[in-house]
Structure formats: C-alpha cells, structure tokens
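Structure record follows, encoded as structure tokens.
Numbering starts at 1 and runs along the sequence shown. All values below were derived from every heavy atom in this structure, side-chain atoms included, with hydrogens, water molecules and symmetry-related copies excluded.
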Amino acid sequence: MKAIVAKRVDSGTADLSELRDLAAAAGYTVVGELTQTRTEDPAYCFGEGKVEELAALVEAVDADTVVIDNEVGPFQMFNIGRTLPEETEVLDRFTLILDIFGQRAQTRKAQLQVELAELRYELPRAAAKASLAKRDERPGFMGLGEYDESREQDIKSQIANIKDELDAIAETEAKRRDERRESGFDLVALAGYTNAGKSTLLRRLAAELDVDENAEKHPDLDSVAESQDMLFTTLGTTTRRAELDRREVLLTDTVGFISDLPHWLVESFQSTLESVYRADLVLLVVDASEPVAEMREKLVTSHDTLHERNEAPILTVFNKVDLLSASERDEKWAALSGIAPDPIAVSGKTGEGVDTLRRRVEAELPDWDHERLLVPMADETMSLVSWIHDHAHVETESYEADQVLLEFDARPAIVEQARAKAAALNAAESA
C-alpha cells in the first residue's frame, strides 16, 4: 500500500516524522509528502488549491491512500475525497492509529477497546454521514458503509454493551491484582511514550527463567515481551516476574502514550491503563536519544495522561543512554530537571544502569512492615515457615527447644495474614 502523508499547521513548519512512523507501523509505504502553513479552511482543512495539489501528487506517484495528520471533520473528509482521484482512501491521524490498534489487537480485551474507540470516533460523524448518504453523495465514503437515521442509536447501544463487557474484565483483573499482592508481589508498571524501549527494558529486568514457577499466581503472563523498533508493538499488557534484592515484583508493560490523543481515545483504553493507575510504582520510560524539546513534550504528555487517576509514585527512567555522550547526558539532565528530577539513566539494550534501577525501584516501593513471630513447633509450623519465605523477606529463622522464631519484612497485608496464621497455630497448640 502506497501512501502520501500530509499535514496542516496554523504557524511554523509542519513535522511529518511521527506520521511517517505511524504509516509505516500500519503497513504503508510513504511515497510522497505535502504540508501547508495556514489557518484551517472550514471546507477542506487545507486550502482548496493545496487539496488540488494533493490530488496531482496522488496521480504522479500512483498512491492509493492519503493520510492527514490532523483531525478532519466528516464534511472536510468528503470534500477532500471528492477532489482526489476516484478510489483514493483518505485517513486522518486517528483512523490511522485505530487501524494500527486493530492490526495489533490479539486479546479479547484489546479487541473490545479498539472497537470502543472506533465507535466513539464514529459517533459524532454519524449524523453528517447520514446527511451525505441521503443526498446520494458517495454513500459509505471512507469505507464505513451507508448510514440511516437509526445508526446513531445503534452506535450508542454497541458502546454500552462493550463498556459492560470491559467492566467485567476490569473487575476480574482487579481481583487478580489483589491476589498478586496477597501473594507477596509488588506491582510495577512501565509507562511512557510509544517506542521508548519499554518492552526491551522489561526483558532486561525480568527473571525470565522463573516465570513458570508461579504460573498459578499470575496466569496471564506472556512468555515473550515483544521488542521491535516500531510504534505500538505492545497493545495489550505483558507481565513478567522480576527478583530484586529483598522483594519480588511483577512488571507490566502496556500500550505506549502518543501526543495529541483525544480524550475519547484515551478513555477507550482505560481498562489497559488500569494496570498503570493501580500499580505500586510507575516507571516512566523516556527515549533519552531524542532532542530535549521532544523529550519534554513526551514527559508532559505522559504526566497529563497519568495525572488524574494514577495512584502510585512515578520514577522517571531515561532509556537508550548508550546513544549519548557524557556531555549530552549532562545537558539533557540539566534541561529537564524541572519535569524529571533525579532520573535513572539506563540502556535496556546494553544493560547499563539496570542494577542501579533495580535498587532504586526497591527503594521507591511502598515500605514494608517488620514483624517478629514466635510460634510453637507443631504439625503445621513448617507450612507457615514456608509460606512466610514465599511471601516475605526473612531476616531471622531460629529454632529453640519447641519454638520457632521468625523475623521478616513484608507488605502490611502479608504481615496481617502471618499473624492470623501464627495465632491459629498457638491456639491449636494450647487447646
């Protein structure tokens, strides 16, 4: 598929680099570009003369698709499509992103979220498309079929049904998070802009060979965290186990953020983002090889996405530092200190800084409680000792006469369970 990418900006110079990457991620070969600096034309988005120039470019390079890096209204889309050669498909930025999401959605949850986003995108356009269809003007333009007056209600009904199913999935996942915490795991989420290297860093941090040992505690673990130089490689969530010095954590990689996403699109992926919002710690991963202005913009985008609903502390991780000189690091760290204080510098590719990151993650996680238990030697005592070893960090284990002394650090909930189990043992022994 051959595509032309186009963008209009009110002022300055249009940058098409991200749109080219998005088009490539969707499977297009970019064969031409067109930009314009001017205020928006209500009929064409671009100026009418620029759209005619676009039509000539489509013919010259034999493109079959035009991708516009703006949100284009339905009537603007119709007018542009009418000017272009027949059979030319016209996509705006968000239909392109949804196309990529649709291609990558493998799980039921991901597929539902993509469908929800598509319906939310389509809803405000339904009336306009119905009007065009009534006038018999290219009914079904943009390949979305004919519309009648009932279409808007149909979309609302589908949205409600999908939200109900996603709510049920979210409830199941919330229970799973609780079970994992009760099993002694801290939950750490990797967030950040798409293509920042989150999946590569996940593989570097994870104890890959140990995943199967606790499969019953986290049955959704993927065996492979996909890592490619491509936008939106990760659409669902990938969870892996990692061992720190004193704790075990579950690391979750999820869909990357991207600039200028509308509220309806972010809201459609709330179910996936819950793994970030409800984590014990968020690692905000940034591609440190990019220019300072881009890093700052992406940090702001990520913080804005996390701001309202995130419950966990955020630790900024500057990734890909193997691509920087020492002076470049110093300059960027200084320039971004206001928005990214005390970041951790790592390379997911080479492993540089990963040990420091592990120590910092452990330090930033919520504090554990210290507990000292003295329990009698009984039939169930070794079962309790084994359970505490599985769920806590044991500092002291000593056997004296007919008693066992355990000193350990653990999550407050684990400490409460250990106390209850020890009390039951003492009560049984005294009976």
Side-chain angles (χ1 to χ4, degrees), residues 7-22 25 69-71 92-94 96-97 100-101 117 188-201 231-235 252-270 272-279 281-321 323-324 328-346 348 357 360 364:
K7 183 174 185 177
R8 180 199 58 78
V9 291
D10 293 335
S11 60
T13 303
D15 181 4
L16 286 168
S17 57
E18 183 179 85
L19 189 62
R20 285 194 299 269
D21 289 342
L22 287 169
D69 197 20
N70 300 88
E71 185 170 8
D92 69 4
R93 172 187 179 82
F94 305 121
L96 179 66
I97 290 172
I100 297 169
F101 282 177
V188 178
L190 282 76
Y193 200 86
T194 185
N195 222 31
K198 298 187 301 299
S199 297
T200 301
L201 187 58
L231 297 182
F232 299 120
T233 299
T234 305
L235 181 55
T252 297
D253 179 23
T254 188
V255 62
F257 304 144
I258 190 167
S259 58
D260 301 324
L261 285 185
H263 179 72
W264 58 264
L265 184 52
V266 174
E267 282 294 315
S268 298
F269 284 83
Q270 287 301 323
T272 289
L273 291 172
E274 285 296 311
S275 60
V276 178
Y277 297 144
R278 306 295 177 239
L281 177 67
V282 175
L283 303 184
L284 179 53
V285 185
V286 183
D287 183 351
S289 68
E290 295 183 329
V292 167
E294 291 187 28
M295 291 176 67
R296 180 179 290 108
E297 178 183 347
K298 292 173 182 179
L299 280 164
V300 169
T301 298
S302 299
H303 279 290
D304 286 348
T305 304
L306 294 170
H307 173 67
E308 290 188 4
R309 300 186 61 178
N310 186 56
E311 298 176 351
I314 297 174
L315 174 59
T316 304
V317 181
F318 285 166
N319 193 23
K320 306 185 184 181
V321 295
L323 303 177
L324 300 179
E328 287 174 323
R329 290 191 193 190
D330 293 342
E331 290 173 7
K332 289 185 175 183
W333 274 223
L336 297 168
S337 60
I339 193 172
D342 200 16
I344 297 293
V346 305
L357 175 59
R360 183 72 177 276
E364 295 288 343

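Looking at every heavy atom in both residues, Leu201 comes nearest to Gly348 through CD1-CA, 4.2 Å. Shortest non-hydrogen contact noted between Ser302 and Gly192 is OG-CA, 4.0 Å. Pairing each heavy atom of Ala340 with each of Pro343, the nearest pair is O-CD, 3.2 Å. Heavy atoms only, all atoms of each residue included: Ala312 and Leu281 are closest at CB-N, 3.7 Å.
Taken to the nearest 0.5 Å, the CD1 atom of Ile97 stands 9.0 Å off from the CG atom of Leu19. Rounded to the nearest 0.5 Å, atoms CG (Leu323) and CD (Glu290) are 10.5 Å apart. In this structure, Ile344 CD1 and Leu315 CG are separated by 5.5 Å, a value rounded to the nearest 0.5 Å.
For the side chain to side chain contact (heavy atoms under 4.5 Å, CB included) with Leu283, the qualifying choice from Val346, Val317, Val276, Asp253 is Val317, the only one to do so.
Contact annotation: the side chain of His303 approaches that of Ile314 to within less than 4.5 Å [non-hydrogen atoms, C-beta and beyond]. Residues Phe318 and Met295 meet the side-chain proximity criterion, which asks for heavy atoms closer than 4.5 Å. No side-chain heavy atom of Lys298 sits under 4.5 Å from any side-chain heavy atom of Asp287. Side-chain atoms of Ile339 and Thr316, non-hydrogen and from C-beta on, never get closer than 4.5 Å to each other. Side-chain contact check for Asn319 versus Thr200: every heavy-atom pair is 4.5 Å or farther apart.
Arg329 places a side-chain N or O within donor-acceptor distance of the main-chain N or O of Val321, the cut-off being under 3.5 Å. Not a single donor-acceptor pair under 3.5 Å links the side chain of Asp69 to the backbone N or O of Lys7.
With salt bridges taken as basic N to acidic carboxylate O contacts below 4.0 Å, none links Lys332 and Asp330. Using a 4.0 Å cut-off between a side-chain N of Lys or Arg and a carboxylate O of Asp or Glu, Glu364 and Arg360 qualify as a salt bridge.
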